[in-house]
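Ligands are counted one by one from 1 in listed order, and the atoms in each one are counted from 1 as well.
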Amino acid sequence: MTGLLDGQSAIVTGSALGLGTAFARALAGQGANVTICDIREEVHDVVSALEEVGVEAQGFVADVGVAEDVRKVVDQHVQRFGGVDVLVSNAGVWRASTATDSLEKALDDYDLVVNTNLKGVYLFGRAVIPHMIAGGGGNIVHVASDHVATCGTPYHRSHEDTPNCPFSGQDPRPTGGGPDMDLYDASKWGINGFTIPWSKALKEHKVRVNGLCMGATDSHMVRTFHEQNPASGILNNAMRAEHVAALMVELIAEGPEGRTGNNINIAVGHPIQLPSPGTPYIYSEVQA
Ligand SMILES: NC(=O)c1ccc[n+]([C@@H]2O[C@H](COP(=O)([O-])OP(=O)(O)OC[C@H]3O[C@@H](n4cnc5c(N)ncnc54)[C@H](O)[C@@H]3O)[C@@H](O)[C@H]2O)c1
């Protein structure tokens with residue numbers, strides 16, 4: 001097999017189903033050996049599907065918000081594959097949470113959502129970075145949300161400098177997930193606090209750090225959301241996970257000189273394609 005990522009190895013978190021499985025399959029399809037982890041036992045079923053592609057794969061039941069679990073996954077990966085070339089920090093949860101919830105519910109939701117969506121990204125990133133530096137480079141992909149980047153940021157209102165924005169002409173530009181997504185959005189916004197500083201700190205080590213900020217993509221999470229909000233119509237136009245995953249591979253395949261510090265916005269109803277680096281489509285601090 002000849003693939004874009006032959007000889008590389010990747011870790012994908014939250015990969016028992018949904019986007020995580022699609023990311024792992026796409027990486028394996030390009031020749032990367034893959035370690036996957038999830039809190040669900042079904043993660044083991046995905047391993048055999050990856051091996052069928054012809055790469056080596058292993059799976060662990062692990063919680064991305066627990067430092068010991070993260071260390072175990074990364075140690076086992078390095079032991080087997082000799083280093084880490086790619087990390088896709090995909091594990092994430094959504095739970096309806098609003099400013100008027102009881103404090104008891106709010107604290108419970110906070111622990112679940114922030115520990116998974118934000119602390120998990122931090123712990124995994126910090127665990128792989130030394131290995132990537134030692135190996136001469138790597139790629140970290142943070143799976144964020146279009147709530148974070150829709151052709152810029154919510155306070156970035158001018159349409160003149162975003163001529164290709166799919167939301168051009170809409171003012172205010174639609175960002176954020178609505179009133180019952182405070183913790184989800186806070187956790188996803190928080191990821192910027194890792195994407196941007198890490199991309200700057202690690203540029204000299206050829207470790208690229210980017211965010212994928214996609215809109216509704218058909219998955220267990222989106223179907224759960226739809227069950228709670230059937231009028232949302234979210235499933236009607238949802239993107240397919242394998243298309244988003246193909247874009248993620250394209251991003252990694254840019255190689256060591258590729259873009260870093262970018263949030264890649266992928267909008268429902270628009271072509272799923274990598275924008276040229278530095279276009280105003282993306283909230284960008286560090287260019288390729
Ligand atoms: N589907 C969408 O429309 C969409 C849009 C934007 C962003 N995202 C993000 O994409 C990522 C994947 O979402 P999805 O739609 O595939 O969701 P999903 O619920 O279908 O899958 C998420 C996976 O993460 C796992 N997981 C949850 N908590 C975990 C933990 N603590 N440790 C390890 N694994 C854990 C789950 O068990 C599940 O297998 C998430 O970060 C989500 O926020 C999804």
Numbered atoms of ligand 1 (with element) below 4.0 Å of Asn90, judged on heavy atoms: 10 (O), 11 (C), 12 (C), 40 (C), 41 (O)
Main-chain N/O of Ala57 paired with Asn33 side-chain donor or acceptor, under 3.5 Å: no
Shortest protein heavy-atom distance from atom 6 (C) of ligand 1, along with the residue and atom involved: Met214 O, 3.2 Å
Close approach of Asp63 to ligand 1, heavy atoms, under 4.0 angstrom: yes
Heavy atoms of other groups near Phe194 CZ, more than 12 under 6.0 Å: yes
Test: Glu242 and Arg25 ion pair at under 4.0 Å: no
Contact atoms of ligand 1, heavy-atom distance to Gly18 under 4.0 Å: 16 (O), 20 (O)
Residue part near ligand 1, for Cys213, under 4.0 Å between non-hydrogen atoms: neither
Interatomic spacing from CG in Asn90 to NE2 in His142 - rounded to 0.5 Å: 11.5 Å
Test of proximity, Arg40 against ligand 1: N or O pairs below 3.5 Å: yes
Minimal non-hydrogen separation, Leu27 against Val12, with atom names: CD1-CG2, 3.5 Å
Residue Gly215 vicinity, atoms of ligand 1 by number, heavy atom under 4.0 Å: 3 (O), 5 (C)
Identity and separation of the nearest protein heavy atom to atom 16 (O) of ligand 1: Leu19 N, 2.8 Å
Close-contact set for ligand 1 against Ala216 heavy atoms, below 4.0 Å: 3 (O)
Greater than 12 external heavy atoms within 6.0 Å of Arg80's CZ: yes
Protein contact of atom 32 (N) of ligand 1 - nearest heavy atom, named by residue and atom, plus distance: Val64 N, 3.0 Å
Proximal atoms of ligand 1 relative to Val93 (non-hydrogen, under 4.0 Å): 27 (C), 28 (N)
Polar contact flag, side-chain donor to acceptor under 3.5 angstrom, Thr98-Thr100: yes
Whether Gly120 lies under 4.0 Å from ligand 1, heavy atom: no
Ion pair check, Arg223 and Asp218, cut-off under 4.0 Å: yes
Between CG on residue Leu247 and CD1 on residue Ile252, distance to nearest 0.5 Å: 10.5 Å
Atom 22 (C) of ligand 1: the protein heavy-atom neighbour that sits closest, reported with distance to 0.1 Å: Gly92 O, 3.8 Å
Shortest protein contact, atom 24 (O) of ligand 1 (heavy atom only): Gly14 CA, 3.5 Å
Atom indices of ligand 1 within 4.0 angstrom of Thr116 heavy atoms, with elements: 28 (N), 29 (C), 30 (C), 31 (N)
Pair Ser187-Asn117, side-chain donor/acceptor within less than 3.5 Å: yes
Residue pair Phe124 / Cys37, side-chain heavy-atom distance below 4.5 Å: yes
Proximal candidate to atom 14 (P) of ligand 1 [heavy atom criterion; set Ser219, Ala241, Gly20]: Ser219
With Val244, the side-chain contact (heavy atoms from CB on, under 4.5 Å) member among Ile264, Ile266, Val143: Ile266
Sub-3.5 Å N/O-N/O distance, Val222 and ligand 1: no
Of Asn262, Leu251, Leu202, Ile140, the residue whose pairing with Arg208 passes side-chain contact (heavy atoms from CB on, under 4.5 Å): Leu251
His220 neighbourhood, listing ligand 1 atoms whose heavy-atom distance to it stays under 4.0 Å: 19 (O), 20 (O)
Nearest-contact summary for atom 3 (O) of ligand 1 - protein heavy atom, Å: Thr217 N, 2.7 Å
Donor-acceptor pair, side chain of Thr21 and main chain of Ser15, under 3.5 angstrom: yes
Whether Ala62 lies under 4.0 Å from ligand 1, heavy atom: yes
Min N/O separation Asp146 to ligand 1 under 3.5 Å: no
Contact with ligand 1 for Arg223, non-hydrogen, under 4.0 angstrom: no
Residue selection (non-hydrogen contact nearest atom 26 (N) of ligand 1) among Leu17, Val121, Ile39, Asp218: Ile39
Within-shell test, Ala144 vs ligand 1, heavy atom, strictly < 4.0 Å: yes
Atom pair CD/CG of Gln30 and Leu5 - distance to nearest 0.5 Å: 6.0 Å
Nearest protein heavy atom with distance in Å, relative to atom 37 (O) of ligand 1: Asp38 OD1, 2.6 Å
Under 3.5 Å: N/O of Ser145 near N/O of ligand 1: no
Ligand 1 versus Trp94: contacting region, heavy-atom distance under 4.0 Å: neither
Top protein contact for atom 43 (O) of ligand 1, by heavy-atom distance: Tyr184 OH, 2.6 Å
Partner of Val46 under side-chain contact (heavy atoms from CB on, under 4.5 Å), chosen from Asp38, Ile36, Leu17: Ile36
